[in-house]
Each structure stands twice: as C-alpha cells, then as structure tokens.
Engineer: 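Sharing a structure below in structure tokens format, with a few things to ask.
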Protein chains: 2
Amino acid sequence: MFESAEIGHSIDKETYEKAVVELREALLDAQFELKQQARFPVLILINGIEGAGKGETVKLLNEWMDPRLINVESFLRPTDEELSRPPQWRFWRKLPGKGRIGIFFGNWYSQMLHARVEGDIKDARLDQAINDAEGFERMLCDEGALIFKFWFHLSKKQLKERLKALEKDPQRSWQLNPLDWKQSEVYDRFVRFGERVLRRTSRDYAPWYVIEGADEYYRSLSVGRIILEGLQAALKHKGRPRPQPHAAPLMSSLDKLSLLDSLDLSRKLDKDDYKEQLATEQARLSGLMRDKRMRGHALMAVFEGNDAAGKGGAIRRVTGALDPRQYRTVPIAAPTEEERAQPYLWRFWRHVPGRGQFTIFDRSWYGRVLVERVEGFCAEADWLRAYSEINDFEEQLHNYGIVLVKFWLSIDKDTQKQRFKEREEVAFKRYKITDEDWRNRDKWDLYVDAVDDMVDRTSTEIASWTLVEANDKRYARVKVLRTINEALEAAFKKG
Amino acid sequence: MFESAEIGHSIDKETYEKAVVELREALLDAQFELKQQARFPVLILINGIEGAGKGETVKLLNEWMDPRLINVESFLRPTDEELSRPPQWRFWRKLPGKGRIGIFFGNWYSQMLHARVEGDIKDARLDQAINDAEGFERMLCDEGALIFKFWFHLSKKQLKERLKALEKDPQRSWQLNPLDWKQSEVYDRFVRFGERVLRRTSRDYAPWYVIEGADEYYRSLSVGRIILEGLQAALKHKGRPRPQPHAAPLMSSLDKLSLLDSLDLSRKLDKDDYKEQLATEQARLSGLMRDKRMRGHALMAVFEGNDAAGKGGAIRRVTGALDPRQYRTVPIAAPTEEERAQPYLWRFWRHVPGRGQFTIFDRSWYGRVLVERVEGFCAEADWLRAYSEINDFEEQLHNYGIVLVKFWLSIDKDTQKQRFKEREEVAFKRYKITDEDWRNRDKWDLYVDAVDDMVDRTSTEIASWTLVEANDKRYARVKVLRTINEALEAAFKKG
C-alpha cells in the first residue's frame, strides 16, 4: 500500500516553481467557482507519518488559496464542551458549509490510529471506528460533499533523517506529536494499522491518496494537482447527490517515476545456480504441500504481468514440483455466458480451493483494474470500486487461513519486443502471439499507471504484491517459488 | 421496529382469493420480463421468527411463479466442500444469475442470529458479521442485483399459539429449527438481536420489510405485492448500475390497518387525577434531573405529532418542573441559510446537549421522513436513506449515554378539526393556525403511512418511539412525563 511512496519521488526546484504559478491560479479559479456554485463542501483530510510534511502542506494550501474560504481544524485536545458530548460532535460542528473547504488536520483517523498504536484500544474497537468513519463519509458524500484523504508517507529511513533534522531545530520541535516516533516500534505499528485503515476505508467515493513526503516539491505539487483535478471534475459534474466518484482520482506520478521503474531488471541467475536453486525450492514446496499443517490452510497464487513476461513458464516450474491431485491451474480469459450473468468476483470465488489445496490463477480478478480499465471494458465507477471489493474478498480468504501470493512479472519494452519476435519466428510458439499483443504494447504507459495504482491500493498487510524482475526467466522462476515457500512457512509458523 | 407487525393484520379469504388471481398473473409477467431483459438478478432473503410462515411463503412463491426461474436455497448444514472454504463461499456459489430469482431461506442473517442467540458469538463478532453482510449486499447492488429482505414477525403470544399448533401436527414438526423456541428467553433474545441486525442493515438500496406473520392471507399477499412492485419498478428503470433504491419499498398496509389505528384514543384522565399525577411526575422529573447520576448522562426528548395534537402544552408541562439552566427547547422550523449549507443532520447535532443537560426538540430530524417526504421537499432517495442515517445518529447518542425519548402525539381527525376551529375563534390562539394547517389535513392518510414507516424503521431497542394517545390533553401530558421519568430511571439503573 505504501510501496510507491518509498521510491524517492522528487521534482527539481525549477520545474516546481514554474508549475506552482499555474497551479495557484487554477486553484483560486476553482475555489471561486466553488463559492459561486455553493453546491457542495470540500473536505480534505490530512494523515500519515510524522514529519512527512503534513503541517507544511496545510500551510501551503492556505497560502495558495483564498484562506477566507478555508477552515483549518486541528482537533487537538478536546475542549470541555466537546468532552461533554458524543465524540462525533466536534467533527460535525466544524464541517465546512457548501462552497467552502475544510482541512481537517488531525481527524477521526488520527484519533483511532493513535489510540490503537498506543494500545488504548484493540482491533475490535479499531474496526468499529473504521466502520463508523466509513458510514460518516458515505453520508457526507450522499449529501454532496467532495472528500480528499491524503496519507503522507515516509520510509523508516526517511523518518529517522527527518526526526534528526527536527531535533536540531528547536523552533519546530512543537511539531512532534504525542506518539514517540523515535521508537522504531511506533513506526512499525503505525504503518501496520495504517494499512488496515486505508484498506478498509478507501472507497470509490472517497479514496485515499498516498503521497511520498520526503521531497517537498513533489509532495506539494502532487497534493495541489490532485485537489485541483478532483475539484474541477466535481464543479463540472452538475448531478446531485454526490459530485460522483472522483473523476480524476488516480493520476500518474508527476515525476514519471513509477514503482515498476524502481525494479532492477538486470537481475539474473546463471544456469548452474538456477538449476540448483530451482531444485531446492521445488523440493521445499513439495515438502510444504505435504506438511500436515497444510490441512489447516489453502494456497492461492495469482500471476499477472506484461505479455510475454513468462507467466506460463513460471507456473510450470511451480506445478512441476507438485502432485496433480493437490493443485489446479485456472486460466482466466473472457468470461463465459454463465459468468457474465453473475457479479464480477463470482467466477473467482468458484475456484477458491478447499483446505489443503492449491489454486494457481493465470491472470485473475485483477483484470478489472488492468485490462478492463485500460481498454475501457467496464465503466470507471466499476473499476474504481473494484479495489475495495477485491480487498474485502482477499480479507475473507485471509481470515479463513488461505495463503495468497500475488505476482506481477515485469519485463522492459525491449525484452518484450524481442520475445514477441521470437514467438513469431518459432513455429511452435506462434500460437502465443496475436495482433492483440502488439496492440496492448501501444498502451504500455497506461498499463504502467494501472499497475502502480493496483499495487498502491491492493498490496495490503494481508495480501501483498510481489514484483518480479522477469527479464531473466531463471531469476523470475526462482523468485516466484521462493516467495511461495516463504509465505507458506510464515503461515505455518503463525498456525 | 416490530410494533406494526403485532397489531393483528388480517385479510378475509374472499378478498385474498380475488387479489391472488391478479397478483399471480402480474408476477408471472414480471418474471418473464425479468428473464427477457436478463439485466439483473433478484435475491429474496427470508428471515424472522419461527412459525411466522417463512416456509409456507417460500412454497407459495414457488407456486405463484415459474419455478424453473427460481432457485430456492436453504443453507442448512454445510457440506464438506463448503466447510473446507471461507464461509462466504456457499452463498457466492448459489447466487442467482441475471434474469433469475434466488430465494435464500436461511442465509447470513439466520446464521449470525442463531450464533448470537445461542451465545456462540458476542456482540463484537455480531457487529462484524453485520458489517460483512452490509458490504456484501452493497456490492451485489452495485453489480445490479435487486434485493428484498423479509422479516416474518410474530408477537410472543402468537408464537406460543403457533408452537402449540405445530406440536400437535407430527408431520410439520420437522419445521422446528435448532433453536428451542419454546423457551421464552429464546424469543426475547432473537427479537432483541434481530432489532440490532435490522437497524444496522436496512439501507435504502436493500431495506427490510417486516411482515406480520399470524394471518396467512395478509402475510402472503403482502410479500407478493412488495415483490411485484419492486420488480416492476426495477424492470422499468433502465439505468445501470443499480436498479436504484427500490422505487416502491414502502407501501401502506393491505388491510388499511395502521399502527396509529391500534391506539385507544378514548383514554383520558379526569381533572383531579390529572392534577395529582402531574404534580407527582413533575416532582419525580425534577428530582431525577438533580440526581448526581444525571452527570453521566444527558437527555433528549423529541416531540412530533399531528398538528394541534398538543405538543406545546405537553412540552410546557415538562419544562414546568425544571430549572431553566438545565434545559433548552429547540423549535424546529425551516432551516436557516447556514443550516441549508450543511448535511441534513447538522442542525440537530449542533443542539446535542452536554452532560447533565436536557434538550427538547419541538419537531425534529424526523421532519425528513414526515413533512419532507409527504410534501416532496426532498428527493425520494434522500428520505429513504434518512432512516438508516437517523439510526446511526441515535446510536452515537446512545453509546455516549444520552437518553433519547421520542413521542408521537396522536389525535383523530375530528379532534383536530375541533381544535383548529377553536383556534380560529379564540383571539389569542389565532396565531397558531394557518392555511397550511388546513392543507396538511388533506394529506392525513399520507402522514399515517409516513408515521407507520417511521416507527417501523426507527423505533429501535436503543431509542424506541412512544405513541401518545392525545385526544385527551391531560392523559397525554402525564404519559409524556411518566415516559421520560421511566427512561431516565432505567438509564440510571444501568449506570
């Protein structure tokens, strides 16, 4: 969920300063239009890691826009009046009216997270708070509100550097909040519970945006752009209620740096190492599948990736180790008529393995947010809500003890071209290449964005994505097998 | 929530038989159209009290419609295959496809209720199951499904009679389910947890219908009519996704018997009794408000009722007993400009009392489902979702320890006419009567329906409605005061 916010996004000062001039003007225009229309309020929630630029961003938004039309609320210590009423009261009374912008810096999310991190509440209470927040936000959206939720992120290393800098600056030490961020455990817990909160509350009508907070320019410009695009779309859309699911919720990163770019595709294994490691991992998998602890679990593996990235070959190396009675491979192509008559996830539910079993999905339910999104096979509203439906689905699998591993096999454009040509030239491989493959290739960049969003929104603490460097097939196959083995062992250890 | 399903609804055989002929034909037509369009599936959930006619209704629906297009699923003991997979799997695999009707007799609700009533799970787990169900149904509706949820109800007395009849009939004893309904406690728990489930899961897109189950004809015809109207509306509405919030979800009862009819409006108090009881109850309230346990609570009273039912007079008798520093009366009229710029509930949240305080609402947030519904001041979708928003709101008050009492002051049409005339004739009362009051009177029947629906959907275990027989002002005033006192005492006892 935070993967793409740890890859070192940045923008140079010159680009930033040029962009900001235009951005400010456009934001002011949009804000003026918002006031004129006075049709709906805007709510901006600011959350995330300490020192990731939350406070700075709030100040900046106030500078960029007309502060007379913005309420900034920080909800620190509740007043007597607030303590004397239900906890939701303080948020209700500070809601921005139609035509106005409310920035809630500190809000229901910070409260539930602090309480959970400090151990004041347990998971059950956290889940209740999450559900309350969801209901509240749904109501606000039904009433027309436009909600932006920002999570400012830092890697652990970045946080440490940030804290050191802050310490040296006595004037800024007031920014330190009640949690002791110097404790490494606080970060771990905050991120872990944060993932749970984001996973459950990122909905089509009010999605989370995770912003890498280390570079000031990147961070500020990203937030400004997201607000601008969302606001403009909502101002244009005259329907009521609900400005609609955000029209511009998912934008490619400003610095063109994608999560996939951060992979080192030059990784490889030589033939001998490969043979040895492959044999080791296959034997390990075979042993794990026969382990009696497997009876309490089931295993599902999802293979997605670029065309010609080597999914089929990787899958064969996995199944090569297995007793055919224990596994099934389910290739996902266009849905049958029976499947089209059902909700989207139905055709995947039907293949969920029973205890002790292993199902391999050659392509999967992620088709909706990959090919269906890119090709326009489904409405935007449908793939936008798919992220949370998928997370719910995977949570149900996880809760039952099913181990889920998800692979994106990544190759670069040149490697793909080479493999396509090879397929055209080798007779027995020709069935593997069609005109469609070449057409898909034209949409390479759209797929890069879709993969980024997919990982951001569905790589969760219960079912994370593994990005596999697949220019070298041998490296990829061993990594896949090893990842499956490690996931199984971890699950067995947990019991 | 079950009030209007305990008032002895019934239909005579002749009326029933005549109606059924038409109903069956129309249902078959609709079902055929559903199959032809094949745009969405229909899901019918059957729940409620044992012996209230669930099984009979399922059989009847199968008889009335084309059974080849209906799947009836009962989800009794899970199969080995089902036990080996996440609990949701068995529901997914039985979902009806587009153009078909699935009747789930026994479903996620029966499972969570049985588990809770038997004590296998606690409230936290029940709430989780409720949230899962909500998410599942929202997804199904997003995917286009039309969902009907029926709760078949019997009063405790009716249940006992039913059970006795069943016992004598050995051929039907198989109908008895795992819960021991002969235990009076089972009924109480089932109804209590049932209320919690219905309150939380009755949403605009998939509302519950509570059906009084004692009279076979009434019960069958009601269910048939609701399905027919909902189905016809969804078939007409061509938008996607979501056939929409049910277009015909709330229908007046078939036998024209309303909850308000069940009140005995002839109740009265003579002057001496009134004086004595009024003084007693006022003193009691005054004492309770000064009790130190009041510091841990707050009190809210809602007054709704027919025009000229005597709300003002009743409120004055309540406040007569109180220290002005402890209470506030909030008259609710048209919203101010500031209030119109906010979500609907905002103007009521702002008046939530602090600890130790008492706020009296002269009309209230129920305006949305009364006057706004009847007069068309808001869209149907808005008042339909208001029921669950109101329930959420009241739950938040309740969780904080606020005691909420809600009164509907009920008079008959003649009494109203008489009071209107009196107001026109007495100089100092003339300000109380306007042309609008006479116009509202023309909509008497619409208000009766609106009140029935309001009580059905918002009289909950945490904030029940008190219907006050108000033809006699003295009787009404004392009943109001006594109800407040009893509610406060009950809250103090609970701590």
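Naming convention: chains lettered A, B, ... in sequence-line order (proteins, then strands); numbering from 1 in each chain.
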Engineer: Counting only heavy atoms closer than 4.5 Å, note whether A/Leu83 contacts chain B via side chain, backbone, both or neither.
Structural biologist: backbone

Engineer: When you look at CG of B/Asp120, are more than 12 heavy atoms from neighbouring residues, nucleotides or ligands closer to it than 6.0 Å?
Structural biologist: yes

Engineer: Give the member of B/Ala124, B/Gly97, B/Gly356 that has the highest number of heavy-atom pairs under 4.5 Å with chain A.
Structural biologist: B/Gly97

Engineer: Quick one: what part of A/Arg100 sits under 4.5 Å from any heavy atom of chain B, side chain, backbone, both or neither?
Structural biologist: neither

Engineer: B/Gln396, B/Arg93, B/Arg350: which one forms the most heavy-atom pairs within less than 4.5 Å of chain A?
Structural biologist: B/Gln396

Engineer: With a 4.5 Å cut-off on heavy-atom pairs, point out which of B/Gly99, B/Ala379, B/Ala298, B/Pro96 contacts chain A the most.
Structural biologist: B/Pro96

Engineer: Give, as side chain, backbone, both or neither, the part of A/Glu389 having an atom under 4.5 angstrom from any heavy atom of chain B.
Structural biologist: side chain

Engineer: How long is the gap from CH2 on B/Trp349 to CZ on A/Arg90, to the nearest 0.5 Å?
Structural biologist: 12.5 Å

Engineer: Select one option (side chain, backbone, both, neither) describing which atoms of A/Pro343 are under 4.5 Å from chain B's heavy atoms.
Structural biologist: both

Engineer: Distance from B/Asp132 atom CG to A/Asn399 atom CG, nearest 0.5 Å?
Structural biologist: 8.0 Å

Engineer: Between A/Asp127 and chain B, which part of the residue has a heavy atom less than 4.5 Å away: side chain, backbone, both or neither?
Structural biologist: side chain

Engineer: When rounded to the nearest 0.5 angstrom, what distance separates CD in B/Gln88 from CZ in A/Phe393?
Structural biologist: 10.0 Å

Engineer: Mind running side chain to side chain contact (heavy atoms under 4.5 Å, CB included) on B/Glu134 and A/Glu134 for me, showing each step along the way?
Structural biologist: CA-CA 12 Å; B/Glu134 229 195 308; A/Glu134 229 196 308; over 6 Å; no

Engineer: Just verifying a value: how many Å separate A/Leu345 CG and B/Met139 CE, rounded to the nearest 0.5 Å?
Structural biologist: 6.5 Å

Engineer: Provide the closest heavy-atom pair for A/Gly354 versus B/Ser84 in the form atom of the first, atom of the second, distance.
Structural biologist: CA-OG, 3.1 Å

Engineer: Identify which part of A/Leu95 has an atom lying under 4.5 Å from any heavy atom of chain B, answering side chain, backbone, both or neither.
Structural biologist: both

Engineer: Using a cut-off of under 4.5 Å for heavy-atom pairs, which of B/Ile402, B/Asn131, B/Leu140, B/Asp392 has the most such pairs with chain A?
Structural biologist: B/Asn131

Engineer: Taking atom CD of A/Glu143 and atom CH2 of B/Trp346, what is their separation to the nearest 0.5 Å?
Structural biologist: 13.0 Å

Engineer: Could B/Glu337 and A/Lys98 be called an ion pair, given the rule that one side-chain N must be under 4.0 Å from one carboxylate O?
Structural biologist: no

Engineer: Judged by atom type as modelled, is there a donor-acceptor pair below 3.5 Å linking the side chain of B/Tyr400 to the main-chain atoms of A/Arg85?
Structural biologist: yes

Engineer: Considering only heavy atoms, which portion of A/Gln128 lies under 4.5 Å from any heavy atom of chain B: side chain, backbone, both, or neither?
Structural biologist: side chain

